[in-house]
Every structure is written in C-alpha cells, then in structure tokens.
Amino acid sequence: MTEAQAKLIAAAEQVLGAKGVITDPREIAPWVSDWRGRVHGASPAILAPASTDEVAAIVRLAAEHRVPLVPQGGNTGMAAGATPAADGSGIVLSLRRMNRIRAISADSRLAVAEAGVVLETLHRAADDIGMRFPLTLGARGSCTIGGLASTNAGGTQVLKFGTMRALVAGVEAVLPDGSVHSGLTGLKKDNRGYSLDQLLIGAEGTLGVVAAVALRLVPAVAGRAVAWAGVESPMRALDLLRFLEARTGSVEGFELVPEDSLQLVLKHVPGTRAPLSSTRPWHVLIEATTAQPGTDVAAELEGLLGAALDQGIIADAVLAASEVQAEAFWKIRDSISEAERVEGQTLAHDISVAVGDMPRFLVEAAAAVEQRFPGVIASGFGHLGDGNIHFHVRAASHAAPDWYEREGAAITRFVDDLVTAAGGSISAEHGIGQLKLAEFERLAPPGRLHALRAIKQALDPLGIMNPGKLVP
Ligand SMILES: Cc1cc2nc3c(=O)[nH]c(=O)nc-3n(C[C@H](O)[C@H](O)[C@H](O)COP(=O)(O)OP(=O)(O)OC[C@H]3O[C@@H](n4cnc5c(N)ncnc54)[C@H](O)[C@@H]3O)c2cc1C
C-alpha cells in the first residue's frame with residue numbers, strides 16, 4: 001500500500017465509518033477478479049459509501065491524494081472494467097451499499113434507483129405497482145443499476161425497448177472534482193447543451209461515479225407467448241423477424257441459436273430438452289408480449305408462425321404450451337455460455353454490424369475463421385434483431401490447455417478485422433473495459449479516439465476515475 005493510499009483509507013474511515021471500509025484481504029478477494037475469472041487485479045481496500053454525499057467526499061479525497069478509484073457494482077461486466085489494476089494502484093469503490101429505490105410511480109412512469117440496486121430488485125418493485133422495467137439479462141440477480149447504466153447494457157428485449165440509453169431519464173453522478181451532477185428531474189425536454197446524462201451512460205466509470213438513475217417504466221405484461229422455430233439459415237431467421245414485424249408490434253425478443261449451441265446445452269445442462277422433434281441447422285427463440293388485457297398474443301403468434309411455415313420461411317415451430325415450457329426455452333438460450341465453458345476453451349466476441357448485413361456476415365465470418373485457424377469451431381448466437389451476435393470461437397477438441405493464451409489474440413484480431421471491414425463494432429453491448437482496450441486503439445477511427453481522449457482529459461484531468469479502462 002502506498003503512503004497516499006494509506007492516507008486516503010484513513011480519511012475514508014472518518015467519512016464512512018468502519019462499515020464502509022473493507023481491508024480484510026479475504027473479503028476483498030472476490031471483487032478484484034473479473035466475472036470470467038480471466039483478469040486478476042489488486043486493491044488494498046474496498047470503499048463502500050452509503051450516500052451521494054459520501055461518494056462525493058471520497059472522490060474529493062481521491063483527487064487530493066491522487067489515488068485512482070475503480071467504481072464497481074455487481075462485478076458482472078464482461079470487459080473487466082470493474083477489475084482494478086494488478087499493481088494495486090487503484091482502490092475499488094463499491095456502490096453496493098447504495099441500494100435504495102428512492103421513488104417509484106406508475107403515474108410518472110419513473111423509478112429513481114440508487115446505483116447499487118440489483119436489477120431483479122427493481123423488476124420486483126415495478127411489478128408491485130403494475131409496471132415493468134423492461135431491460136433484462138442473464139446477470140439480473142447480481143448486476144446493478146449503476147453498472148448497467150455505466151456499460152449502456154442491452155440484453156434480450158432491446159428490439160422493442162432499446163438499451164439503457166433509451167431507458168434512462170436522468171442520472172445523478174459525482175464528477176471527478178467531487179461536484180454533483182443532479183439530472184434526476186425527469187424533464188422530458190431539456191436543451192441546455194451537451195447531455196451529461198448521456199455522456200455518463202456507457203462511460204464505464206471513467207467520467208464520474210453514477211450515484212442514482214431515473215428509469216423509464218412501461219406497463220406490466222398482460223400476456224406473453226414464447227415460441228421456438230427451426231430455420232435453414234440466419235438469412236431465413238431475419239426474414240422471419242421482418243415477416244413478424246410487418247404484421248405485429250408484439251415481438252420483443254428474437255434470439256438466434258445455432259444447432260451446435262443447442263447440442264452443447266443439451267449435453268451439459270441437466271434437465272434441458274430439444275424444443276423441436278426435427279433437427280434444424282439454426283433456431284430462433286421468439287418472445288411476444290402485450291400490455292393489453294384480453295389480447296390473445298399466443299393465438300396471434302401461432303397464426304403468424306403458421307403463415308411463415310406455409311411460405312417456407314421457417315421449417316418447423318412450436319409454441320410453448322405453459323409458462324414452465326416458456327422458461328425452459330429461455331433456459332436453453334441463457335445456458336449457452338455456461339455449456340460452452342464446460343465443453344472447453346472458448347473465445348467470446350460481442351460484435352455488431354448493420355442488422356440487414358448480420359446473417360451473411362455471420363456465415364462468412366465463421367467460414368473464414370475456420371479456414372484460417374483449422375480445427376476451431378466458429379459460430380454465433382444472440383440478438384439478431386439488433387445486429388448483435390455473440391461470435392464465439394471454440395478450441396478444437398485436441399487443443400492444448402494454453403490454446404486461449406497462445407491463439408486467442410491472433411483469432412480476436414482476425415475477427416475484429418472482419419467486423420471493422422464490415423463497418424461494425426467490436427463491442428456491441430459489453431463495453432471496452434480493459435479487455436478490448438488494445439483492439440479499440442488499433443481499430444477505432446482517429447476522430448472517435450480524439451474526442452474520447454479530449455472529453456476524458458477535460459473532465460478528469462488528474463486521471464483518478466478508472467484509469468486504464470475504455471480510453472486508450
Ligand atoms: C451471465 C451474464 C449475462 C450477461 N448478459 C448481458 C447482456 O445480455 N447484455 C449486456 O449488455 N450485458 C450483459 N452482461 C454484462 C453486463 O454488462 C453486466 O451484467 C452489467 O451491465 C454490469 O453491471 P454490474 O453492476 O455488474 O457492473 P460492474 O461489472 O461492477 O461494472 C461494469 C462497469 O461499470 C462501471 N461501474 C459500475 N458501477 C458504476 C457506477 N455506479 N458508477 C460509475 N461506473 C460504474 C465499472 O467501473 C465497470 O467499468 C452479462 C453478464 C453476465 C455475467
């Protein structure tokens with residue numbers, strides 16, 4: 001621990017009390033590695049403020065002592081953005097004690113949640129007042145509102161409701177000089193220049209600490225239908241989406257699953273069963289919902305899938321007959337990464353290209369990767385309707401245990417080059433963090449890099465907010 005860190009921790013104890021300062025290495029350990037367990041950092045303490053004023057006091061102390069802070073929520077991020085540097089130069093600032101829902105109202109259709117509120121807790125609170133916060137994802141039991149805003153998270157319902165950018169009505173944040181930006185007014189119109197709220201969304205903790213967020217709610221779901229369809233190609237899957245979108249506004253989830261991923265889930269995840277009796281090369285999980293009581297969304301989806309079958313867009317389909325079966329279909333989708341992990345070494349790429357280009361890109365990129373790196377299996381699954389696929393490359397069955405370390409960087413460069421040549425993004429929803437920093441620097445257009453660096457320098461001239469993340 002440096003002298004500056006020791007001074008900061010002692011001063012923080014005065015502000016936060018014993019509850020807000022963790023120095024026991026056993027308690028710190030789970031919070032200094034990333035969710036995938038690939039990046040390991042160090043921090044002499046975890047500081048855990050319980051109010052915006054306490055956050056501001058800690059940020060001012062960090063500026064005074066020139067000690068970097070690493071904001072952290074649930075530590076479920078996929079780019080190691082919340083993992084401190086390995087040299088222990090930073091200190092983790094946990095927002096998990098800031099876990100109050102300050103206000104929630106069906107009339108205003110808004111909830112104001114502190115940064116440490118867990119997503120699932122917000123879901124329940126909205127449900128209790130007959131409303132819904134429509135963003136959801138696999139880590140909902142542990143990821144926090146502050147982390148979701150700071151990574152501009154997406155998830156499985158983006159098709160209808162957008163990413164966090166669309167769902168955040170305002171942000172309260174502590175800026176790197178310790179001043180508080182109060183954006184929780186819920187104003188629908190506010191044209192006083194640059195939107196600080198939007199700047200903080202997706203900033204990965206590099207421009208300030210998100211303390212609370214005003215979130216847009218929508219009416220609760222009155223009915224939902226979940227279906228599984230078999231298709232011959234990703235092109236046909238996109239045809240199906242367009243076919244449905246032209247006829248109904250109820251589709252909010254549309255997830256592509258290759259047969260290979262389905263087989264891995266069936267092999268490794270107990271209790272899972274193939275939804276269709278026939279084998280198809282590609283599959284789509286469809287969720288349709290309505291907020292109108294009395295609307296038979298299941299009958300509508302069944303009718304539309306029947307018409308798609310008649311027109312040869314899909315090869316087979318089944319509608320979940322119960323909530324249990326609907327959940328079983330979603331479990332398959334949500335278990336793909338877990339099944340891959342059990343199967344062996346996998347390289348994950350969270351990429352996007354224009355929606356209409358994704359089917360062809362996916363097929364051609366997978367073929368190119370398999371040709372260039374013989375033995376690997378490349379494929380993609382996920383949010384086809386958003387042009388966002390989790391493009392994963394699995395090691396050959398005979399690969400060496402250090403395949404990931406030896407081959408990973410070369411394969412990722414190859415994939416990222418293909419994505420960039422297609423006009424796409426090497427990070428669709430997971431952010432840059434530290435894992436994608438070098439590739440971001442290599443491939444980002446100069447204008448984007450210049451603007452990012454200039455904003456960072458202007459707001460955080462001392463470099464105390466999550467250095468080494470997002471901004472190369
Ligand atoms: C099983 C699983 C499924 C997932 N599925 C999806 C998915 O479908 N779509 C998707 O977009 N993401 C997905 N994710 C990743 C997703 O980004 C995170 O779950 C979530 O957004 C991060 O929340 P967190 O509280 O865990 O943040 P953390 O991991 O703690 O932090 C993430 C980043 O935000 C910063 N940060 C955290 N809190 C604050 C704050 N209060 N102020 C400023 N900065 C802060 C951190 O410094 C870090 O840079 C998934 C993750 C898992 C484990």
Side-chain angles (χ1 to χ4, degrees), residues 30-37 39 41 46 48-49 52 55 59 68-84 90 92-99 113-122 135-158 162-165 167 171-176 181 199-213 253 255 333-338 341 348 350 352 381-383 386 388-390 427-437 465-471:
W31 303 102
V32 291
S33 293
D34 74 318
W35 186 81
R36 285 206 170 100
V39 183
I46 294 179
T52 305
V55 175
V59 171
L69 296 174
V70 183
Q72 189 181 79
N75 197 27
T76 66
M78 291 289 192
T83 310
V92 171
L93 181 74
S94 168
L95 278 299
R96 287 183 294 279
R97 285 179 72 214
M98 290 190 62
N99 58 6
E114 290 185 342
V117 170
V118 167
L119 178 58
E120 209 165 55
T121 306
L122 179 69
L135 184 142
T136 189
L137 43 81
R140 60 188 161 272
S142 39
C143 68
T144 65
I145 296 305
L148 291 162
S150 299
T151 56
N152 183 28
T156 48
Q157 328 298 114
V158 170
T163 63
M164 280 299 276
R165 276 195 200 288
L167 293 166
V171 174
E172 177 181 282
V174 176
L175 301 178
H181 161 66
L199 207 52
L200 288 156
I201 298 169
E204 302 186 37
T206 61
L207 297 181
V209 183
V210 173
V213 184
E255 296 288 306
R333 162 63 185 90
D334 287 339
S335 304
I336 295 175
S337 295
E338 184 192 327
R341 218 160 35 172
D350 162 44
S352 67
F381 62 91
H383 324 304
D386 308 331
N388 171 201
I389 288 293
H390 301 301
S427 178
E429 58 177 9
H430 291 164
I432 298 297
Q434 47 182 315
L435 282 180
K436 294 191 176 182
L437 202 59
M465 291 309 312
N466 216 4
K469 317 289 169 58
L470 177 59
V471 187

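Both counts, for ligands and for their atoms, begin at 1 and track the order of listing. Bear in mind the structure is a predicted one, so any value in this text is a computation, not a measurement. Both backbone and side-chain heavy atoms feed into the values below; hydrogens, waters and symmetry mates do not.
Any N or O atom pair closer than 3.5 Å counts here, and Ser142 shares no such pair with ligand 1.
Numbered from 1 in the order shown, with element, the atoms of ligand 1 that lie under 4.0 Å from a heavy atom of Gly205 read 43 (C), 44 (N). Within the listing of ligand 1, atoms 43 (C) sit less than 4.0 angstrom from a heavy atom of Gly208. Applying the 4.0 Å criterion to heavy atoms of Gly81 picks out, from ligand 1, the atoms 47 (O), 48 (C), 49 (O). Using a 4.0 Å cut-off to heavy atoms of Gly146, the atoms of ligand 1 that qualify are 38 (N), 39 (C), 41 (N). Close approach to Asn466 involves these atoms of ligand 1, each under 4.0 Å from a residue heavy atom: 47 (O), 49 (O). Counting the atoms of ligand 1 from 1 in the order shown, those under 4.0 Å from a heavy atom of Ala115 are 41 (N). Within the listing of ligand 1, atoms 30 (O), 38 (N) sit less than 4.0 angstrom from a heavy atom of Gln72. Within ligand 1, counting atoms from 1 as listed, the ones closer than 4.0 Å to a heavy atom of Leu95 are 41 (N).
In this structure a side-chain-to-backbone donor-acceptor pair under 3.5 Å is missing from Asn152 to Thr163.
Side-chain atoms of Glu172 and His181 include no donor-acceptor pair closer than 3.5 Å.
In this structure, Val39 and Ala80 approach most closely via the heavy-atom pair CG2-CB, 3.8 Å.
Partners of Ser335 by side chain to side chain contact (heavy atoms under 4.5 Å, CB included), not counting sequence neighbours, listed by chain and number: Val265, Val269, Lys331, Glu338. For His430, the ring pair (Phe, Tyr, Trp, His ring centres under 6.0 Å) partners two or more places apart in sequence, or in a different chain, are His390.
Of the protein's non-hydrogen atoms, the one nearest atom 7 (C) of ligand 1 is Glu429 OE2, 3.5 Å. Ranking protein heavy atoms by distance to atom 29 (O) of ligand 1, first place goes to Gly77 N, 2.8 Å. Atom 43 (C) of ligand 1 has as its closest protein heavy atom Ser150 OG, 3.2 Å. Taking atom 51 (C) of ligand 1 as the reference point, the nearest protein heavy-atom neighbour is Thr76 O, 3.4 Å. Of all protein heavy atoms, the one lying nearest to atom 17 (O) of ligand 1 is Thr151 OG1, 3.6 Å. Atom 46 (C) of ligand 1 has its closest protein heavy atom at Pro71 O, 3.1 Å. Nearest protein heavy-atom contact of atom 42 (N) of ligand 1 is Val210 N, 2.9 Å.
Taken to the nearest 0.5 Å, the CG atom of Leu437 stands 10.0 Å off from the NZ atom of Lys469. Taking OG1 of Thr52 as the reference point, atom CG of Leu95 lies at 9.0 Å (rounded to 0.5 Å).
Contact between Val70 and ligand 1 is absent, with no heavy atom of the residue lying under 4.0 Å from the ligand.
At a heavy-atom cutoff of 4.0 Å, ligand 1 is contacted by the side chain of His430 but not by its backbone.
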